[in-house]
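The sequence lines fix the lettering, A, B, ..., with proteins before strands; numbering per chain opens at 1.
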Protein chains: 2
Amino acid sequence: MTSSAAERDLRRAAVRVTKQRVAVLDAVRRHPHADADTIIADVRGELGSVSTQAVYDVLHALDEVGLIRRVEPAGSPARYDPRVGDNHHHLVCRRCGRMVDVDCATGAAPCMEPVAAQGFSVNEAEVIFWGYCPDCQSLGPTHAG
Amino acid sequence: MTSSAAERDLRRAAVRVTKQRVAVLDAVRRHPHADADTIIADVRGELGSVSTQAVYDVLHALDEVGLIRRVEPAGSPARYDPRVGDNHHHLVCRRCGRMVDVDCATGAAPCMEPVAAQGFSVNEAEVIFWGYCPDCQSLGPTHAG
DNA sequence: GCATAAAATGGAATTGTTCCAGTTAACGAG
DNA sequence: CTCGTTAACTGGAACAATTCCATTTTATGC
């Protein structure tokens, strides 16, 4: 088996390369914004078996070295985003939970403005837009309307 | 005991007024951005005893009628904010979890811009600024640096 | 190949929150 | 102001997502 993209990226990030790690990174890339359960299921499909713990460990490790990004919308388990290195934001459907990327529409990181508000030193602005995805608009809100 | 502010607000919101509800609303107002545990402890201090469930129920009810607002920063239990009706955002300390309100610094709801992005209909923009509070800046990051 | 430290395993434990069935209490009608 | 209806509260069990722990396995440097 030749060196996959995931494998190279892991090696470059100076972390040990294991089949579990390669599989998890590939899974996140195949399913952008998926939750841990989805990743675990996908990885099990690839490798036959992996411990739940291993997947959580890998997701943390990948997040730490910046190969993936953890996003945690209110009321949802954590999601994992393979797109990193830019400061894009997210749009989440209130009904089905679907999540898509959005570039900061008003320019470069407009929301970083209040850098020194109340004596805080701010280094990240996390923006989540809530609404309804195309499929769910017709159906109307199920709850939390 | 005369009708308290909390009591009046509840009545106006057309929900039943119970001592638990009054106590919870007062507790949230006394401790802005507190989590459920803190509210439960405070309410128990006031009333002697309340079921955990009752407090959760009330918090949900108050959120639903718009008397409080639920905020859920990543990695933290839900917090409850008594300030409602405006679209202010939050600043959260990575070290101690302290949360403060911030008005949207770049004008009126600048982050609502991508209203129709990708076919979604957006009706809320949630912004969380991450950084270090004045007290924690000197101490440096404990983790997640 | 061998040593060693990092990663994976499996199982139990936590945390925050919700579900459920039964009891209590608020409040509108009489 | 008593009664009935229905919402709210109680207590206890259940749950989902995640983490902790001790042990075993495995990737990588020498």
Quiz prompt | Stepwise salt bridge (Lys or Arg N to Asp or Glu O under 4.0 Å) test for B/E124 and A/R94 | solution = CA-CA 10 Å; B/E124 191 196 335; A/R94 288 204 146 92; 2.6 Å; yes

Self-check item: d(CZ, A/R79; P, D/dT18) in whole Å
Solution: 11 Å

Quiz prompt | Candidates C/dG10, D/dT28, D/dT18 - which lies nearest the side chain of A/S51 | solution = C/dG10

Could you give the side-chain donor-acceptor pairs of residues 48-64 of chain B under 3.5 Å, partners two or more places apart or in another chain?
| residue | atom | partner | partner atom | Å |
| --- | --- | --- | --- | --- |
| B/S51 | OG | B/A54 | N | 3.0 |
| B/T52 | OG1 | B/R44 | NH2 | 3.3 |
| B/H60 | NE2 | B/R70 | NH1 | 3.2 |

Quiz item: How do B/E72 and B/V15 order along DNA chain C: which one's closest nucleotide is nearer the 5' end?
Solution: B/E72

Self-check item: Nucleotide C/dT15, atom C1' - distance to CG of B/D35 in whole Å
Solution: 11 Å

Exercise. With rounding to the nearest 0.5 Å, note down the distance linking NE2 in B/H89 to CD in B/E126.
Key: 9.5 Å

Quiz item: How many Å lie between CG on A/L10 and P on C/dA8, as a whole number?
Solution: 10 Å

Quiz item: Does B/Q20 make a side-chain N or O approach to OP1 or OP2 of C/dA25 shorter than 4.0 Å?
Solution: no

Quiz item: Separation of B/R11 atom CZ from D/dA7 atom P, in whole Å?
Solution: 17 Å

Quiz item: For the side chain of B/V50, counting heavy atoms from C-beta on, which of C/dT9, C/dA25, D/dT10 is nearest?
Solution: D/dT10

Quiz item: Do A/H33 and A/D81 get their side chains close enough for a donor-acceptor pair, meaning under 3.5 Å?
Solution: yes

Quiz item: Which residue, B/V17 or B/D37, contacts DNA chain C at a nucleotide closer to its 5' end, judged by nearest heavy atom?
Solution: B/D37

Quiz item: Any side-chain N or O of B/R21 under 4.0 Å from OP1/OP2 of C/dA26?
Solution: no

Self-check item: Protein-nucleotide distance (A/I40, atom CD1; D/dT19, atom P), rounded to Å
Solution: 11 Å

Self-check item: A/E46 side chain vs A/A41 backbone, donor-acceptor pair below 3.5 Å
Solution: no

Quiz prompt | B/D101 side chain to B/H88 side chain, donor-acceptor N/O pair below 3.5 angstrom | solution = yes

Exercise. Looking only at side-chain atoms of B/A36, point me to the closest of C/dT17, D/dT18, D/dC9.
Key: C/dT17

Quiz prompt | Whole-Å distance separating the CZ atom of B/R44 from the C1' atom of D/dG11 | solution = 11 Å

Quiz item: Taking OP1 and OP2 of C/dA25, is either one under 4.0 Å from a side-chain nitrogen or oxygen of B/R16?
Solution: no

Quiz item: Hey, are B/D26 and B/R29 close enough for a salt bridge, meaning a charged N less than 4.0 Å from a carboxylate O?
Solution: no

Quiz prompt | Sorted by number, the residues of residues 52-71 of chain B with heavy-atom contact under 4.0 Å to DNA chain C | solution = B/Q53, B/Y56, B/H60, B/R70

